Structure formats: structure tokens, C-alpha cells
Amino acid sequence: MPHDTTPHNPKWHLSHCLSLRHVSPFSWPSSPSLFVSTREHKCGLWRRLNLQRLKSQKTQRSRALSQNIREPVVIDATLALQQFSILALLLARGEQESTSFVPCFLKQSMGGGGASRLGLPRLMAAAFVLFALCGVGVHGRSHIHKKPHGGGRHRGGGTVVSSPAVPPADEQTKPPPAGIVPSDPAIPAEPEQCVFDVRAFGAVGDGATDDTEAFRAAWRAACAVDSAVILVPSDGSFTITTTTFAGPCKPGLIFQVDGVLMPPNGPDCWPPSDNRRQWLVFSNLNGLTLRGAGTIEGNGEDWWNLPCKPHRVGPNGSTLRGPCDSPTLVRFFMSQNLVVEGLRVENSPEFHFRFDGCSDVRVDGLSIRSPANSPNTDGIHVENTERVAIYNSMISNGDDCISIGTGSYDVDIQNVTCGPGHGISIGSLGVHNSQACVANVTVRNAVIRNSDNGLRIKTWQGGMGAVSGISFDTVTMENVRNCIIIDQYYCLDKRCMNQSTAVHVTDVSYANVRGSYDVRAAPIHFACSDTVPCTNITMSEVELLPFSGELVDDPFCWSAYGLQQTPTIPPIYCLQDGLPDSLLDNPDLKCR
């Protein structure tokens with residue numbers, strides 16, 4: 001038989017199957033080798049039989065639905081026998097390409113030699129198991145189908161934006177009445193997932209053994225397979241050193257952390273050759289999902305106590321000398337269509353999550369925790385990244401809950417609880433006279449408690465660019481200093497000099513911001529640049545009362561222009577009307 005040179009590609013199988021129309025599923029050859037000798041016959045037979053089975057199922061369901069009767073248990077014996085025989089003969093043939101019809105778990109059990117290593121009795125048994133798993137021609141449901149009642153059209157006069165965690169309860173999303181189960185449509189099944197357990201690649205998971213090479217091997221294997229799952233099992237604690245998981249990879253890759261995943265314990269245990277600025281890096285990927293019910297533990301305490309850290313102040317009021325680099329726990333770089341969900345992440349040496357140069361990111365259901373005095377442990381940092389959604393997460397740490405750096409556009413934050421920490425911050429921006437641009441950031445349905453700041457925009461003097469299109473809506477404060485703050489004089493010490501340029505802050509709205517503030521600072525603080533004032537600030541339904549002590553009724557405003565749409569508590573009389581002439585046609589304030 002001539003050698004088949006067609007590339008072994010699952011996508012080729014699917015597209016080629018769709019184009020075959022010349023093979024009859026009931027034209028049985030005189031010799032079994034005839035219909036397994038070419039890929040066209042194998043693919044055509046198998047697909048024709050499945051199409052015939054699906055058509056038979058659809059006809060039976062339609063008849064049951066129209067007659068309002070119980071759907072019987074049907075076994076299409078002829079089709080089942082035909083498919084069973086084809087699979088057995090394909091396996092017995094032992095050709096390498098025949099294994100494209102075998103599920104992932106069965107191919108792995110065969111090993112590199114394909115079906116020929118199993119022997120005929122085991123092959124027949126394997127085919128029978130596959131026959132049972134696939135449910136060929138069998139429908140075990142025995143429920144009552146009822147004709148749907150005539151439903152009215154969905155009417156409404158506007159668009160309603162609901163919490164991402166609670167879908168609207170209209171008639172289109174109501175569950176069916178008890179006892180009625182909608183039939184599954186006759187559509188192709190989702191691609192089968194292949195699971196790559198890191199233990200199968202040599203990982204120990206005892207919390208002490210270095211499992212780095214096992215994780216890297218699992219990544220290489222999974223990256224080459226569609227819809228693969230890298231599994232960190234729930235019964236282990238796995239230690240790995242600095243690793244970059246790089247793409248591109250096949251679509252549908254999932255990194256599932258159900259156990260504990262952690263770096264070496266502190267700087268003394270960090271390999272000298274490893275990068276001390278980052279630990280896990282996911283780079284050049286499209287469609288990755290990082291999820292799980294487990295924990296990413298940062299082991300950050302010894303990093304926080306380095307003598308160079310901000311809270312380790314020396315006798316002359318400055319920090320001590322020494323190496324200060326600390327790793328970001330999880331970094332995503334130059335990647336698209338990312339999902340991060342469900343994880344518990346704690347005690348990072350520095351930033352917990354960082355997104356650089358990414359687009360189309362969804363973060364949902366995270367729990368991020370570090371002590372309130374842990375320095376520079378931002379929960380989620382976004383920079384040079386577009387179309388970001390951060391939903392339904394709880395973040396408590398020693399720095400910004402969420403920080404948004406330059407080059408960030410279209411960031412949507414909803415249902416996030418912050419504190420303790422430094423609140424939700426845009427910036428700092430414009431350091432070292434750089435240009436910075438941030439636009440279209442929305443914070444909605446957030447809670448900030450026991451924090452040094454609430455909603456903050458911070459820029460350095462001397463910068464260029466603009467922050468625009470910022471909306472803070474429905475935010476609750478609990479014992480927060482500086483609930484609302486714009487600071488265009490941001491500086492880490494008292495040595496910063498006044499400069500004539502700044503990042504322009506414009507089109508910022510605060511609506512339905514309520515709660516309590518720490519009386520050690522004014523709850524509202526607008527410190528804007530003399531040469532580049534803040535413009536178009538709007539205040540509506542802002543009510544802030546002291547958590548304890550007397551009311552502080554003197555909000556601070558400097559070079560701030562805007563409008564108070566409703567009376568605020570405390571009252572704000574310092575916003576100026578109009579637009580300053582100094583901002584007209586200033587090229588340094590332009591962003592894209």
C-alpha cells in the first residue's frame with residue numbers, strides 16, 4: 001500500500017471530512033483493508049454515519065415534541081454496529097493516522113506505536129469502551145416535552161447596565177419550570193480537552209522539591225495541543241523558580257491551579273541566575289485562561305523586610321542601601337484574549353498581577369491578600385493595555401488595590417472590594433518628564449474601606465499627555481483618608497521642584513460616592529497644576545461624613561475647573577467655571 005503523505009493535522013481531518021460526499025456509509029467493501037487504505041474513506045465513513053445518526057435523533061425528538069409524549073429510549077442498532085465495526089477495524093489496522101479517531105486518553109495509553117501494540121482482544125475492548133462513552137445512537141432521557149407558550153416581546157425604553165455578577169432577570173433568562181428540561185440541540189460536541197497533570201511529568205508537590213522542569217515540560221506538551229489543560233492538582237504544594245511560559249500555543253489553553261503554587265522562600269533562596277524582577281511570566285499568548293480553586297502563594301515576607309524598602313527608614317530619614325529588586329508574582333506580557341478567574345493569590349513580594357502590552361483581558365472572582373504594611377504590593381497593575389474588565393474581586397494589600405499606568409484604555413472595574421490599602425489609583429504618570437496617556441476608565445459598584453486613599457489620580461510635575469474620560473460611579477467609602485483626590489504634585493520625597501508642564505487631567509466625574517472618611521485629611525482634595533489645570537470635573541450625589549470625630553468641611557481645590565451638579569457633603573465651592581485659556585491648542589497635552 002502506498003505511503004500516505006497527507007499531513008497529520010486534526011484541522012485537515014475536519015475540513016476534509018466536510019468535503020467528502022462520494023462514500024456511501026452502507027457500501028461495505030469485500031475486504032476490510034479497502035476502506036481503511038485511504039484517509040478519505042476512513043473520514044467519509046465515520047462522518048456519514050454520524051450525520052445519519054444525528055438526523056435520526058432529530059426526527060425522533062421532533063415527533064416526540066409534536067405529540068407531547070415521553071421520548072423513548074432508542075438504540076439505533078444498525079448504525080451502532082456499523083460504527084463499532086469501523087472503529088475496531090481501524091484500530092486493528094494499526095496505522096498511525098487511524099489514531100486521529102481515538103480520544104486523547106486512549107491515544108496516550110497506546111504510546112508511540114499506535115494501535116498495533118494493544119493486540120486484537122484489547123483493541124476490541126477499547127473500541128467497546130469508546131462506543132459506550134460516545135453514546136452512539138443512545139438517548140437515555142425520559143422527560144416530558146411541552147409546547148412553549150406564546151411569549152410577548154421584550155419591551156423597554158432604554159439600555160440597562162447590570163452588575164456583571166448578576167444577569168438581568170427578564171423572561172428570556174428565567175429558568176424553565178420544574179419538571180421541564182429543554183432538549184439539547186443536535187450540534188457537534190465541544191473539542192475534547194487533554195489534561196496534562198504536572199505530576200505525570202515528574203512534579204513531586206511536597207512544597208520543598210524544585211518542580212520547575214516538570215512544569216516546563218508540561219507546558220511544552222500542552223502548548224502544542226488544542227484545548228489542553230495544564231493541571232496543578234489539589235493535593236500538592238509545588239515550588240518552581242522563575243519561569244516564562246511563552247507562546248504562541250494552540251487555541252484553548254488552560255492553566256488550572258487547584259493546589260498550591262509558590263516561588264522559593266525569599267531572596268536568600270532565590271537562584272542567583274534567575275530574574276529578581278518577576279516570577280511567573282505568560283508571554284506572547286492568545287486565548288490563555290489562568291484559573292482554579294487553588295492558591296498562588298508569594299512567600300513575600302523576607303522581600304518586604306529588605307533594608308531598602310520604604311518602611312525600613314534609617315536614622316537620617318532615608319532607606320538603607322542594598323539590593324531592592326523584588327519580583328512581580330504573575331506577569332502577562334504582549335498577550336491577547338486573557339482570562340484570569342477564581343484564584344486566591346497572596347503575599348506577593350511586589351505586584352501580585354501585572355498586565356503589560358496586552359489587550360482584551362478579563363479578570364473575575366479573584367481574592368488577593370497581603371498585609372497592610374507590605375510595600376509595593378499592588379493588587380492588579382495595568383499598563384499599555386486595552387479593553388480590560390476587572391470584576392467581582394476582593395483585594396487587600398499594602399499599596400494600590402488597582403493601579404492603572406500609562407497607555408491604558410477602556411478599563412472597566414465593577415464589583416470590587418478594596419482595603420486595607422491605597423485605594424484605586426490612576427498613575428503615577430509623567431515621571432521623568434515622560435508622556436502619559438490614559439482614557440476611558442470606569443469604576444462602578446465598588447467598596448473601599450480602611451484605606452489611605454479612595455479614588456486617586458496622581459501625576460508628576462514635568463510630564464506630558466492627558467488623563468481623560470474617567471467615571472467613578474456608585475462607590476462606598478468606609479473610614480478612608482483622601483476619599484477623592486487628584487494630585488498633580490505627586491512626589492516620593494520633598495526634593496521635587498516645580499515645573500511648567502504636567503499631565504492634563506480632564507473629563508472626570510464622581511457620582512453616587514458615599515460613606516465615611518478619616519478626619520486626619522480632607523475627604524476631597526484637588527491639587528492641580530498652575531500651568532495645566534484640571535478641567536471638566538463634575539460632582540453629583542457625593543455625600544461623605546466623618547467616620548469618627550468632627551466634620552471636616554473645607555475641601556481643597558487648586559486650579560480645578562468643573563461643575564457641582566448637586567449639593568455635596570461636605571459642600572464644594574472652590575471649583576471654577578469655564579476653561580482656562582492656557583490649555584487651548586497645547587500640543588503637549590495631545591494623546592491618540
Side-chain angles (χ1 to χ4, degrees), residues 404 422-430 436-443 448 452-473 475 477 480-491 496 498-515 517 520-544 551-586 588-591:
I404 300 171
H422 294 178
I424 297 174
S425 294
I426 297 175
S428 60
L429 304 173
C437 296
V438 173
N440 301 331
V441 177
T442 300
V443 178
I448 303 175
D452 288 347
N453 300 285
L455 307 171
R456 177 166 62 160
I457 300 174
K458 50 183 178 178
T459 70
W460 296 77
Q461 292 191 76
M464 297 175 288
V467 176
S468 62
I470 313 301
S471 173
F472 301 106
D473 188 355
V475 180
M477 306 280 185
V480 175
R481 295 180 67 181
N482 301 310
C483 294
I484 295 174
I485 178 171
I486 297 177
D487 183 7
Q488 289 191 287
Y489 298 89
Y490 181 74
C491 183
C496 297
N498 288 336
Q499 299 190 43
S500 59
T501 61
V503 177
H504 184 207
V505 178
T506 185
D507 298 329
V508 183
S509 68
Y510 302 89
N512 301 300
V513 180
R514 295 180 168 87
Y517 60 89
R520 290 177 293 174
I524 301 173
H525 186 97
F526 296 136
C528 301
S529 169
D530 289 322
T531 55
V532 187
C534 305
T535 58
N536 198 22
I537 299 172
T538 59
M539 309 285 288
S540 175
E541 303 294 337
V542 175
E543 298 179 3
L544 298 170
L551 177 70
V552 178
D553 58 358
D554 56 346
F556 179 81
C557 296
W558 184 264
S559 296
Y561 290 74
L563 177 65
Q564 181 178 283
Q565 295 180 332
T566 64
T568 63
I569 302 175
I572 301 175
Y573 303 114
C574 55
L575 287 176
Q576 303 179 53
D577 295 333
L579 184 69
D581 295 336
S582 61
L583 295 182
L584 300 177
D585 298 325
N586 188 336
D588 291 337
L589 308 181
K590 303 297 183 182
C591 288

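Just so we're clear, the structure is a prediction, and the values are computed from it rather than from any experiment. Computed over heavy atoms, backbone and side chain alike; hydrogens, waters and symmetry mates excluded.
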CA sep, side-chain torsions, deciding dist, call: S428, W460, side chain to side chain contact (heavy atoms under 4.5 Å, CB included): CA-CA 7 Å; S428 60; W460 296 77; 3.1 Å; yes
Just how far is it from atom CZ of R520 to atom CG of N482, taken to the nearest 0.5 Å? 10.0 Å
Just wondering, do L455 and I448 contact through their side chains at under 4.5 Å, heavy atoms? yes
What is the distance from atom CZ of F556 to atom CG of D487, rounded to the nearest 0.5 Å? 9.5 Å
Does S540 reach the side chain of S509, with side-chain heavy atoms less than 4.5 Å apart? no
T566 (side chain) donor-acceptor with E541 (main chain) under 3.5 angstrom: yes
Would C574 and F526 count as a side chain to side chain contact (heavy atoms under 4.5 Å, CB included) here? Give the steps. CA-CA 9 Å; C574 55; F526 296 136; 5.6 Å; no
Between CD of Q564 and CE of M539, what distance do you get to the nearest 0.5 Å? 7.5 Å
Would you indicate whether the side-chain heavy atoms of L563 and I537 approach each other to under 4.5 Å? no
Provide the closest heavy-atom pair for A436 versus L429 in the form atom of the first, atom of the second, distance. CB-CB, 3.7 Å
Pairwise distance OH(Y561) to SG(C534) - rounded to 0.5 angstrom: 10.5 Å
Least distance between heavy atoms, S559 atom then S529 atom: CB-O, 3.3 Å
Is there a side-chain contact between F472 and V508, using heavy atoms and a 4.5 Å cut-off? yes
Under a 4.5 Å cut-off applied to non-hydrogen side-chain atoms, are I485 and I457 in contact? no
Can you tell me how far NE2 of H525 sits from CH2 of W558, rounded to the nearest 0.5 angstrom? 11.5 Å
So which heavy atom on Q499 is nearest to which on G462, and how close? OE1-CA, 3.4 Å
Heavy-atom pair of closest approach, residues L575 and I572: CG-CG2, 4.1 Å
Are I484 and V542 side-chain neighbours, meaning at least one heavy-atom pair lies under 4.5 Å? yes
Taking all non-hydrogen atoms of both residues into account, name the closest pair between D530 and Y489 and its distance. N-OH, 3.5 Å
Would a distance-only check, ignoring hydrogens and angles, find a side-chain to backbone donor-acceptor pair under 3.5 Å from Q488 to V503? yes
For M477 and L544, work out which heavy atoms get closest and say how close. CG-CD2, 4.1 Å
Rounded to the nearest 0.5 Å, how far apart are OG1 of T459 and CD1 of I426? 11.5 Å
